[in-house]
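The block underneath contains the structure these notes are about, expressed in structure tokens.
Both counts, for ligands and for their atoms, begin at 1 and track the order of listing.
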Amino acid sequence: MSNLQEKKQREQWSSRLGFVLAAAGSAIGLGNLWRFPYMAGQNGGGAFVAVYLGLLVLVGFTIMLAELTLGRYTQLNAIGAYKKISEKWAWVGALGVLAGFMILSFYSVVGGWVINYVIKALTGAFNTADMDALGGMFGSMITNPFSPIFYHAIFMILTLGIVLGGIKGGIEKYSKILMPALFVMLFAIMLRSVTLPGAMEGVKYFLVPDWNAIDGGVILAALGQVFFSLSLGMGCMVTYGSYIKKDENLLKSALSVPLLDTGAALLAGLAILPAVFAFGFDPAEGPGLVFVTLPAVFSQMPLGGLFGVAFFLLVLFAALTSAISLLEVVVAYVIDEWKWTRKKATLVIAGVIFLVGVPASLSIGPWSGFHILPNMGIFDTLDFISGKVLLPLGGMLLAIFLGWVWGMENAIKEATNDGKLNFALAGVWTILIKYIAPVAIAVVFVQGIISTFF
Ligand code: PFF
């Protein structure tokens, strides 16, 4: 097949809005609604939020633009994009595909929990503000040996169904309707949460940094969260960028996607942490935080039962639009490089990811005594290695690749549509990519690993 034909066949987003919504759909997911609030709660509240925002500015926007630029230039998947510029760098793309694979295997387990909570909401199972009862319900749900695996399977089937539909038929269509709805709901829940009696202490906890709480572990957690939440460091935005048309404005997309994503994370934090304080719950509780706190908030809202159903449904859709991007990274690689059909690639890969998710789910319940890394079972190890190791390293290597291998002149040429767009910050971007991002990530990574394990 000639190059030209190959290009013609590659699907593209139908409009910039379609792309922004789809990329925001990838970015906004369980990372914002489930992971961000509990990470903030475990890592000092406002201190974590402040470090997060600082790293977002230094590293988040920078790497977002880098990934989109590389993707659109090469029109290829995460590994092919590196290969096209330098064969020697293909392994960096491969690390990304591996990270996507690992993330989806536990992400889908949490997606399954959400489906379970949609059903619980529908049957009115959690119409109470009693935190002990809600905590017990969550605990017995996730530690059950069978039902979380069943829901994990359903989540994977939904994900693969959408990915089978391809880019326009699937990913774009769903994002357009559901993302805006999610913002409206989050906003309403946030309003209820911050007006609960006693909520102000939680608002302070979340917004006012206690600088003493910051250590290497907190900074690495925040860095990992920036990558996880923005879908960076594993080639996801390279892959999505490869579907963007040549005449569209990458600079604007690289700005709007992180802003939308951060808006969603802050709203989720403000919906959850003030309520945690109002109901006398522990902010450092961990992965159960959203599932235990929000039902209590709903019980204090007029039409809370209905609200709960709608909310968990939207969380499910947000999780799906992220999960499809994770699956798409791996599928796009296999289609481009191994020449598999979309159908075969999607079915086989989704099947394998499901299988890896099974022990991850069991590691929370029946296998909880079994640790891979110190104090981490299979689920936590997958989360740790992908989120805190592979994504930051992938981002660092991408910056080095752009700055020192592909070259910033080439990158800027692509990002500005051959110089047609005005990019006032091109000089700043160059310095960030060549020096600041790689060094900052390396320092945070080394310090974080030291304070996590030693
Ligand atoms: N950004 C997604 C979230 O916050 O839920 C998770 C994710 C999707 C991470 C895609 C990485 C990725 F490539």
*Side chain, backbone, both or neither: which part of Y107 comes within less than 4.0 Å of ligand 1 when only heavy atoms are counted?*
side chain

Backbone or side chain, does any N or O of [X] fall under 3.5 Å from an N or O of ligand 1?
X: I103; result: no
X: G31; result: yes
X: A27; result: yes
X: S325; result: no

*Examine Y117 together with W113 and report whether their ring centres are nearer than 6.0 Å.*
no

_Need the ligand 1 atom indices (1-based, order shown) with element for anything under 4.0 Å from a heavy-atom of M234._
11 (C), 12 (C), 13 (F)

_As an exercise, identify every atom of ligand 1 less than 4.0 angstrom from a heavy atom of N32._
4 (O)

*Taking atom 6 (C) of ligand 1 as the point of reference, which of F227, Y240, F228 owns the nearest heavy atom?*
F228

*Does G100 come within less than 4.0 angstrom of ligand 1, counting non-hydrogen atoms of the residue?*
no

In terms of ring plane angle, is the pair [X] and [Y] parallel, tilted or perpendicular, where the classes change at 30° and 60°?
X: W429; Y: F423; answer: tilted
X: F155; Y: Y107; answer: tilted
X: Y82; Y: W89; answer: parallel
X: F312; Y: F298; answer: perpendicular

*Quick one: which of T321, L327, I154, I353 gives a side-chain contact (heavy atoms from CB on, under 4.5 Å) with T159?*
L327

*For atom 10 (C) of ligand 1, grab the closest protein heavy atom and report residue, atom and distance to one decimal in Å.*
S231 OG, 3.3 Å

*With side chains defined as the heavy atoms from C-beta onward, is the minimum distance between S361 and H152 less than 4.5 Å?*
no

